[in-house]
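Naming convention: chains lettered A, B, ... in sequence-line order (proteins, then strands); numbering from 1 in each chain.
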Amino acid sequence: MKRADNSKLLSQTFYNRSPEVVAKELLGMILVRHYAGERLTGRIVETEAYLGAADPASHAARAVSPFNAVLFGPPGFADIYLIYGLHYCMNVSCLPDGEPGGVLFRAIIPLEGIDTMAALRNLKPNASAKALTGGPARLCQAMGITRASSHGQNMASASSDLQILDDGYRPKSILTTPRIGIKKAVDLPLRFLVDDREP
DNA sequence: GTGAGGATCGTCT
DNA sequence: GACGATCCTCACA
């Protein structure tokens, strides 16, 4: 797998669509995190869409509060939240200001800064991609993403510590399955993953 | 190799 | 006062 040189930053209009579409099109994109002067990147291979009021599993199904305000705000902003008291998960907001919706990042394949990611995860540098970043909380930990460091970041800004790039790569096929790890609206097919096998 | 249970805290009712 | 979009460890087969 090679990276093209003409990677470009996804603009805010990319996110200004329905979470289902954004979740699908984010597959194969490159997540970039500037951490302590270092560049950590990984290819997105699994996402989930969370809708607004129509989706009981979504945080945005409830009234606006400081907790979920980012999902109601303008598109392309990072929403970091703590789950089970231990783990952080990352969303990016979708749809125009005022309309709730977002995409949860579930898994990436590490590309750059693997040693740093392993250190942040307290793992050996030769740990598998799955152990490093194969879960919503794992990828946040591997990239040093916390609510304190990254909540409310504009992912479409060139000066942001958190960005998504398009290097032209597109997955051969996309698998759609029901979402997992939730108890409401379990049957909605809003989980998307890259079907390509590891190169 | 597989399965079950514990950890831990912000947010909502 | 209770729950949750999860991960890790330990036990057992």
(Q) Would R147(A) and Y88(A) count as a cation-pi pair here, with the cationic atom under 6.0 angstrom from the ring centre and within 45° of the axis? (A) no
Q | F67(A) side-chain proximity, nearest of dC7(C), dA5(C), dC12(B) | A | dC12(B)
**Q.** Minimum-distance nucleotide (side-chain atoms of Y84(A) versus dG4(C), dT11(B), dA5(C))
**A.** dG4(C)
Q. What's the CD1-C1' distance between I145(A) and dC7(C), to the nearest Å?
A. 17 Å
Q. So, is R138(A) near the phosphate of dC8(C), with a side-chain N or O under 4.0 Å from OP1 or OP2?
A. yes
Q: Rounded to the nearest angstrom, tell me the gap between atom CZ in R106(A) and atom C1' in dT6(C).
A: 9 Å
Q: Return one dot-bracket line describing DNA chain B 5' to 3' (Watson-Crick or G-U wobble pairs, both distances under 3.5 Å; ( ) same strand, [ ] crossing, | another strand, . none).
A: |||||||.||||.
Q. Would you say dA5(C) has OP1 or OP2 under 4.0 Å from some side-chain N or O of S58(A)?
A. no
Q. More than 12 heavy atoms of other residues, nucleotides or ligands under 6.0 Å from CZ of F14(A): is that the case?
A. yes
Q.
Given dT11(B), dT6(C), dG4(C), identify the nucleotide with an atom nearest to the side chain of H87(A).
A. dT6(C)
Q) Which nucleotide, dC12(B), dA5(C), dC9(B), lies nearest any side-chain atom of L71(A)? A) dA5(C)
**Q.** Rounded distance in Å - CZ (R179(A)) to C1' (dT6(C))
**A.** 16 Å
Q: Please lay out, stage by stage, how R17(A) and E25(A) fare under the test salt bridge (charged side-chain N to carboxylate O under 4.0 Å, His left out).
A: CA-CA 11 Å; R17(A) 295 175 294 169; E25(A) 297 200 4; 3.1 Å; yes
Q.
Rounding to an integer number of Å, can you tell me how far L51(A) CG sits from dA5(C) C1'?
A. 13 Å
Q) What is the distance, rounded to the nearest whole Å, between atom CD of Q141(A) and atom C1' of dC8(C)? A) 11 Å
**Q.** Residue pair K124(A), D115(A): steps toward the salt bridge (charged side-chain N to carboxylate O under 4.0 Å, His left out) verdict
**A.** CA-CA 8 Å; K124(A) 295 174 184 174; D115(A) 288 356; over 6 Å; no
Q | Sugar-phosphate only, base, or nothing, as touched by N68(A) at under 4.0 Å among non-hydrogen atoms | A | nothing
Q) Nearest to the side chain of L86(A) - dT11(B), dC12(B), dT8(B)? A) dT8(B)
Q: Please work out if K183(A) contacts a base, only the sugar-phosphate, or nothing of the nucleic acid, heavy-atom cut-off 4.0 Å.
A: sugar-phosphate
Q. Does a donor on one side chain sit under 3.5 Å from an acceptor on the other, for S7(A) and D167(A)?
A. no
Q) What integer distance in Å separates D55(A):CG from dA5(C):P? A) 11 Å
**Q.** 5' priority, DNA chain C, between G85(A) and P136(A) [closest heavy atom]
**A.** G85(A)
Q. Would you find more than 12 non-hydrogen atoms of other residues, nucleotides or ligands less than 6.0 Å from D187(A) atom CG?
A. no
Q: Give a yes/no answer on whether the side chain of R147(A) brings an N or O atom under 4.0 Å of OP1 or OP2 in dC9(B).
A: no
Q. For the pair made of OH in Y88(A) and P in dA5(C), what is the distance, rounded to whole Å?
A. 17 Å
Q | Candidate pair H59(A) and Y50(A), rule ring pair (Phe, Tyr, Trp, His ring centres under 6.0 Å), full reasoning | A | CA-CA 8 Å; H59(A) 293 158; Y50(A) 282 88; 7.5 Å; no
**Q.** Phosphate contact (dT11(B) OP1 or OP2) by R62(A) side-chain N/O below 4.0 Å
**A.** no
Q. Between L123(A) (CG) and dT9(C) (P), how many Å, whole number?
A. 9 Å
Q: Among the candidates dC9(B), dT13(B), dA5(C), find the nucleotide nearest to the side-chain atoms of Y81(A).
A: dA5(C)
(Q) Under 4.0 Å, counting only non-hydrogen atoms across every strand here, what does R121(A) touch: a base, just sugar-phosphate, or nothing? (A) sugar-phosphate
Q. Among side-chain atoms of R138(A) and T133(A), is any donor-acceptor pair under 3.5 angstrom?
A. no
Q. Out of dT11(B), dC7(C), dC8(C), which has the shortest distance to the side chain of A137(A)?
A. dC7(C)
